[in-house]
Amino acid sequence: MEELVSVIMPAYNAEKYIYMSIASVMQQTYRNVELVIVDDGSTDTTLEIMKECVRRWPDKIRIFSRAQNGGTAAALNDAIEMAEGKYICWLSADDLYCDDMVESEVSYLKQNKGCDAVFSKCAFIDGDSQLLGSQQFVVDEVNFSYGMPRIVHLLLLLNFWHGCTLLAKAECFKREDRFNVNFRASQDYDFWLRMAADYNIGYLNQITVMSRRHSGQGSRVLNCRLDEIIVFFSILYREDIMIKLFRKMEKPYTYENIKPYIAYRMEKYEGLEEEMNAIARGVKGYLDRMEKGALHFQN
């Protein structure tokens, strides 16, 4: 029998798209799926649409409503708490799963016993569901196998995969330190870095998600670049995590090996005052820790 897969969905003022997102989960070729939706204090008809979907698929959908908006991280944490599946994946309330998303990624994990999670690619669509293009990574996926050393290296450079393409064993999500509610735009980047430190992640060269780009989405309102910089330095300050990540890359944890990741951001955000100021603060904090002997680099 198929193991249960929990799809978790945070939703805030998503009335325009949420029914399509829910339907894409209900239409999965992998049938043993539950959908856990958390309404994050919506002020439109999102909750009413969710309730209508429960009436249509009563055995497949469970919902929870937060009285006040707490942000994506808080809603995700509530959904993780409710999830009962052996595997968990996350779908935003405006994105769509391809019909075989769950089946393909569960199959990958069963075939690759050393992996605890797997990510894949997405295609981009606009507000009218018209195709905009597909996700491109920094190497040729056809000829390159993403092993953990390469995955961790790229992840330290940038949040390079789409979070809704990732499916993982439940324990990867049901960890004590879940999504950090202090990060409003890059809570996923923080979580993936910590996940990569503790678990093995594989790559499926397949489009599994249709990611919607529209003017109302949170990432267009929030400064994701600034939040990503803050996340990076918060992880950089965590020596316990950094040692694990460098172990995954099969490199010694040294300042010389860390400098390229700082330099990458300085080059990437050159000319953007707010971002460069955030990097400067992050570097100062890191150098202060070095001077105080709080960091313990390897020889």
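Leu157 has its side chain within reach of Tyr261: a pair of non-hydrogen atoms, C-beta onward, lies under 4.5 Å apart. When side chains are defined from C-beta on, Val106 counts as touching Val5, because their heavy atoms get closer than 4.5 Å. In this structure, Tyr97 and Val25 have side chains that are in contact, with non-hydrogen atoms separated by less than 4.5 Å. Side-chain contact between Arg289 and Glu239: absent, with no pair of heavy atoms (C-beta onward) separated by less than 4.5 Å. In this structure, Ile235 and Asp190 have side chains that are in contact, with non-hydrogen atoms separated by less than 4.5 Å. Leu47 is listed as a side-chain neighbour of Met50, based on a closest heavy-atom distance under 4.5 Å. In this structure the side chain of Trp192 never reaches within 4.5 angstrom of the side chain of Ile201, judged on heavy atoms. Inter-residue side-chain proximity for Glu105 and Ser120 is flagged as met; some heavy-atom pair is nearer than 4.5 Å.
Within a 6.0 Å radius of NZ in Lys251, other residues, nucleotides and ligands contribute more than 12 heavy atoms. In this structure, Lys268 places its NZ atom where more than 12 heavy-atom neighbours from other residues, nucleotides or ligands lie under 6.0 Å away. Heavy atoms of other residues, nucleotides or ligands lying less than 6.0 angstrom from NZ of Lys16 number 12 at most. At most 12 non-hydrogen atoms from other residues, nucleotides or ligands lie less than 6.0 angstrom from CE of Met266. In the displayed structure, Glu270 atom CD is contacted under 6.0 Å by at most 12 heavy atoms of other residues, nucleotides or ligands.
The distance from the OG1 atom of Thr43 to the CG atom of Asn13 is 3.5 Å, given to the nearest 0.5 Å. Between Glu275 atom CD and Ile279 atom CD1 the span is 8.0 Å, to the nearest 0.5 Å. The CG atom of Asp177 lies 7.0 Å from the CD1 atom of Ile241; values are rounded to the nearest 0.5 Å. Rounding to the nearest 0.5 Å places NZ of Lys113 at 9.0 Å from CD of Gln111. In this structure, Met9 CE and Ile22 CD1 are separated by 5.5 Å, a value rounded to the nearest 0.5 Å. Of the inter-residue distances, the one linking Ile8 atom CD1 with Cys89 atom SG reads 8.0 Å to the nearest 0.5 angstrom.
Residues Val283 and Leu158 share a hydrophobic cluster, clusters being chains of Ile/Leu/Val/Met/Phe/Trp/Tyr side chains in contact below 4.5 Å. Residues Met249 and Ile262 share a hydrophobic cluster, clusters being chains of Ile/Leu/Val/Met/Phe/Trp/Tyr side chains in contact below 4.5 Å. Under the 4.5 Å side-chain heavy-atom criterion for grouping Ile, Leu, Val, Met, Phe, Trp and Tyr, Phe232 is connected to Leu272 within one hydrophobic cluster. No chain of hydrophobic side-chain contacts below 4.5 Å, direct or via other Ile, Leu, Val, Met, Phe, Trp or Tyr residues, connects Val181 to Val38. In terms of hydrophobic clustering, with Ile, Leu, Val, Met, Phe, Trp and Tyr side chains grouped at heavy-atom distances under 4.5 Å, Leu226 and Leu156 are assigned to a common cluster.
Remark: Asp198 does not engage Arg194 in a salt bridge, criterion side-chain N to carboxylate O under 4.0 Å. Classification of Glu81 and Arg178 as a salt-bridged pair holds, one side-chain N sitting under 4.0 Å from a carboxylate O. We find that Glu3 and Lys110 are joined by a salt bridge, their nearest charged nitrogen and carboxylate oxygen being less than 4.0 Å apart.
Looking at every heavy atom in both residues, Ala168 comes nearest to Leu166 through CB-CD2, 4.0 Å. Here the closest heavy-atom approach between residue Asp44 and residue Glu48 is recorded as O-OE1, 3.7 Å. Here the closest heavy-atom approach between residue Val33 and residue Val102 is recorded as CG2-CG1, 4.3 Å. The two residues Met195 and Ala117 come nearest to each other via the heavy atoms SD-CB, 4.3 Å. Shortest non-hydrogen contact noted between Cys164 and Ser92 is SG-N, 3.3 Å. For Ser129 against Met20, the heavy-atom pair with the smallest separation is OG-SD, 4.4 Å.
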Please step through side-chain contact (heavy atoms from CB on, under 4.5 Å) for the pair Asn205 and Lys121, ending with a clear verdict.
-> CA-CA 7 Å; Asn205 183 25; Lys121 292 191 295 186; 3.3 Å; yes

Going through the distances and angles, do Asp99 and Gln27 end up as a side-chain contact (heavy atoms from CB on, under 4.5 Å)?
-> CA-CA 6 Å; Asp99 291 350; Gln27 294 165 2; 4.3 Å; yes

Test side-chain contact (heavy atoms from CB on, under 4.5 Å) on Leu96 and Ile125 and set out the steps.
-> CA-CA 10 Å; Leu96 306 172; Ile125 55 176; 4.0 Å; yes

Walk me through it: do Ile63 and Asp39 pass the test side-chain contact (heavy atoms from CB on, under 4.5 Å)?
-> CA-CA 8 Å; Ile63 65 176; Asp39 176 66; over 6 Å; no

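The backbone N or O of Gln130 sits nowhere less than 3.5 Å from a side-chain atom of Asp128 that would complete a donor-acceptor pair. Proximity of a side-chain donor or acceptor of Asn257 to a complementary backbone N or O of Tyr253 within less than 3.5 Å is not detected. At least one donor-acceptor pair under 3.5 Å links the side chain of Asn32 to the backbone N or O of Glu2. Side-chain atoms of Thr46 come within 3.5 Å of backbone atoms of Glu15 as a donor-acceptor pair (strictly under, hydrogens ignored). At distances below 3.5 Å, not a single donor-acceptor pair connects side-chain atoms of Asp100 with backbone N or O atoms of Thr29. A distance-only check finds no donor-acceptor pair linking the side chain of Thr208 to the backbone of Met101 [under 3.5 Å]. Put simply, the side chain of Asp95 never gets that close to the backbone of Leu91: no donor and acceptor are under 3.5 Å apart. A donor-acceptor contact shorter than 3.5 Å links the side chain of Arg212 to the backbone of Asp94. Checked by atom type and distance alone, the side chain of Gln187 never pairs as donor or acceptor with a backbone atom of Phe179 at under 3.5 Å. Although no hydrogens or angles enter the test, the distance criterion places no donor-acceptor pair under 3.5 Å between the side chain of Arg56 and the main chain of Glu52.
Between Phe119 and His162, a ring centre-to-centre spacing not shorter than 6.0 Å is recorded. Note: Phe297 and Phe246 fail the aromatic proximity criterion, with ring centroids not under 6.0 Å apart.
In this view, Arg238 and Asp240 satisfy the salt bridge (Lys or Arg N to Asp or Glu O under 4.0 Å) rule, not counting sequence neighbours.
Note: Tyr237 and Tyr286 have parallel aromatic rings, judged against thresholds of 30 and 60 degrees for the angle between ring planes.
No side-chain donor from either of Glu228 and Ser186 sits under 3.5 Å from a side-chain acceptor of the other. Side chains of Glu34 and Ser6: a donor-acceptor N/O pair is present below 3.5 angstrom, by distance only.
Because its NZ or CZ atom is not both nearer than 6.0 Å to the ring centre of Phe233 and within 45° of the ring axis, Arg281 does not count as a cation-pi partner of that residue. Cation-pi geometry between Arg225 and Tyr269 is not met: the NZ or CZ atom fails to fall both under 6.0 Å from the ring centre and inside 45° of the normal.
Screening Val152, Ile243, Ile151 for a side chain to side chain contact (heavy atoms under 4.5 Å, CB included) with Lys248, the sole residue that qualifies is Val152. Under the ring pair (Phe, Tyr, Trp, His ring centres under 6.0 Å) rule, Phe173 has a single partner from Tyr199, Tyr87, Phe191, which is Phe191.
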